[in-house]
2 protein chains.
Amino acid sequence: MNVMNASPRRKELTRLAAQLFVQEGFDRTTVRMLAQEMGIKSGSLFHHFKDKQEILAAVIEEGTQNALVIARKALDECAEDPEVRLRAMARAHLETLFTDRNAHVVALFEWRRLDPAASAHLSHLRDAYEALWVAVIDDALEAGLIHGDRFLVSRFVLGALNWTVRWYDPNGPRSPDDLADELVAMIMPTSA
Amino acid sequence: MNVMNASPRRKELTRLAAQLFVQEGFDRTTVRMLAQEMGIKSGSLFHHFKDKQEILAAVIEEGTQNALVIARKALDECAEDPEVRLRAMARAHLETLFTDRNAHVVALFEWRRLDPAASAHLSHLRDAYEALWVAVIDDALEAGLIHGDRFLVSRFVLGALNWTVRWYDPNGPRSPDDLADELVAMIMPTSA
DNA sequence: AGAGTAACCAAGCAAGCGCTAGTGTAAACG
DNA sequence: CGTTTACACTAGCGCTTGCTTGGTTACTCT
């Protein structure tokens, strides 16, 4: 049992697990399916992960960490104009949503299968990410770019963005950046 | 085996099943748990439903049918003004989402567990519901109330509304109608 | 060369799963 | 009255589940 290990092998296994969790759902994915996808036998799996729960936690942690990194980078790299930052944040959200699609789909739809301990830890990560959003929304509200309740607006925007994983086809004519811009335009009266 | 039966007993069992499916997820909910919740033994369950899949289909059908009924009633009862209709549709959506919350959470998050046959049938119901939305959005676009791509706008709005089941607390200070109005206001430049 | 370790395998256990078969019983119906 | 129907029960079959155990290989480090 390689408890708190971030070996490259484990990273790869986590990636494969994410894919299977999306295809089948966490509960329907058996350790035997996971092992086969990884080219090993089911028993060997438990050398890398303490139990099945830990695999789920690893998948979700990966995705959320990446989201944080990408969002922070995007905000660092752009000007201080609220509109630019809002657009950058929306773009960053969709970027991570579709480059780490599997991990995020798992994070969004299998969250409840986490045990309380893992859930608590990952909630903090998620909160840190949402805090970035609320800050950007606050600036946009203060600048008069958008209107409404800060809490509601951020929930609505995040909901609209997260829901894209249910219908958006990356091979279609529209790019993720395109999508992000349309969403921002939709809630900004000035750009009619 | 009471195949195509809409007995009141079956209705009640479907309601209880929806609750359990939300609490535990479809896969984790065993027929024994369902039976216990219903006050019978696990074997007796299969007198009312052909198999576990059929329970899931019944739950989802219930919710979607109700959504259709409520939305149609809401549209029938209001004037032809596009803004009024848009607001009515948003209100109707949240109304059904929180009066039949369990059924809708199951419909939204356990959809993939349906077998192909049931999925095909229920997809038609879902499409009929979405068609109502697209029509309302189209009218609002034509009237210049909102702007953007008809397809994207309806997806974004539905996403924002559906996502409310993840964070909205019905016991909080805001009513569902309140929420719906805020969402409509957010995307309507004129009501700033 | 010898020790340590990471990665794997074969085999299988105990528990739990969806579902079936056969039966009992009370009310409804001809 | 006898028969049917609706609904529940007991018992358990056949299978799959997550996970453990005990051992083997291959590589690294001293």
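Throughout, protein chains are lettered first and strands after them, A, B, ... in sequence-line order, and every chain is numbered starting at 1.
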Q) Has B:Arg155 got its NZ or CZ under 6.0 Å from the middle of the six-membered ring of A:Tyr168, at an angle within 45 degrees of the ring axis? A) no

(Q) Rounded to whole Å, how long is the line connecting atom CG of B:Leu20 with atom P of C:dG18? (A) 12 Å

**Q.** Gap separating the NZ atom of A:Lys50 from the CG atom of A:Leu45, nearest 0.5 angstrom
**A.** 14.0 Å

Q: Starting from P on D:dG18, measure out to CD on A:Gln53 and report it in whole angstrom.
A: 11 Å

(Q) Rounding to an integer number of Å, can you tell me how far B:Glu12 CD sits from D:dC7 C1'? (A) 16 Å

Q: Would you mind reporting whether B:His93 and B:Leu158 have side-chain heavy atoms less than 4.5 Å apart?
A: yes

Q: Look at the side-chain N and O atoms of A:His47 and state whether any lies under 4.0 Å from the OP1 or OP2 oxygen of C:dA6.
A: no

Can you give the donor-acceptor pairs under 3.5 Å from side chains of residues 13-20 of chain B to other protein atoms, not counting sequence neighbours?
residue	atom	partner	partner atom	Å
B:Thr14	OG1	B:Arg10	O	2.8
B:Arg15	NE	B:Glu12	OE1	3.3
B:Arg15	NH2	B:Glu12	OE2	3.2

Q: Write down the distance between CG (B:Leu13) and P (D:dA6), rounded to a whole number of angstrom.
A: 15 Å

Q: Starting at atom NZ of B:Lys50, determine the distance to atom C1' of C:dT20, rounded to an integer number of angstrom.
A: 14 Å

Q) Among A:Ile187, A:Asn162, A:Val136, whose side-chain contact (heavy atoms from CB on, under 4.5 Å) with A:Val157 holds? A) A:Ile187

(Q) Using the rule that Ile, Leu, Val, Met, Phe, Trp and Tyr join whenever any side-chain heavy atoms are under 4.5 Å apart, tell me whether B:Phe109 and B:Phe98 fall into a single cluster. (A) yes

Q: Indicate whether OP1 or OP2 belonging to D:dC9 is found under 4.0 Å from a side-chain N or O atom of B:Ser44.
A: yes

**Q.** A:His48 vs C:dA6: side-chain N/O to OP1/OP2 distance below 4.0 Å
**A.** no

Q: Scan for side chain to side chain donor-acceptor pair (under 3.5 Å) pairs involving residues 100-111 of chain A, sequence neighbours excluded, and state none if there are none.
A: A:Asn66-A:Asp100, A:Thr96-A:His104

Q: Sequence neighbours left out, what passes side-chain contact (heavy atoms from CB on, under 4.5 Å) with B:Arg91? Give chain and number order.
A: B:Arg87, B:Asp177, B:Ala180, B:Asp181

Q: Please collect all salt bridge (Lys or Arg N to Asp or Glu O under 4.0 Å) contacts where either partner lies in residues 21-46 of chain A, sequence neighbours excluded, each pair once.
A: A:Asp27-A:Arg113, A:Asp27-B:Arg28, A:Arg28-B:Asp27

Q) Is there a residue in residues 23-33 of chain A whose heavy atoms reach under 4.0 Å of DNA chain D, and which residues are they? A) A:Thr29, A:Thr30, A:Val31, A:Arg32

**Q.** For atom CZ of B:Phe46 and atom C1' of D:dG12, their distance in whole Å
**A.** 14 Å

Q. For the pair made of NZ in B:Lys52 and C1' in C:dT20, what is the distance, rounded to whole Å?
A. 17 Å

Q: May I ask you to list the residues of residues 36-43 of chain A, by number, that have any heavy atom positioned under 4.0 Å from an atom of DNA chain D?
A: A:Ser42, A:Gly43

Q.
Whole angstroms only, please: what is the CG-P distance between A:Leu45 and D:dG18?
A. 10 Å

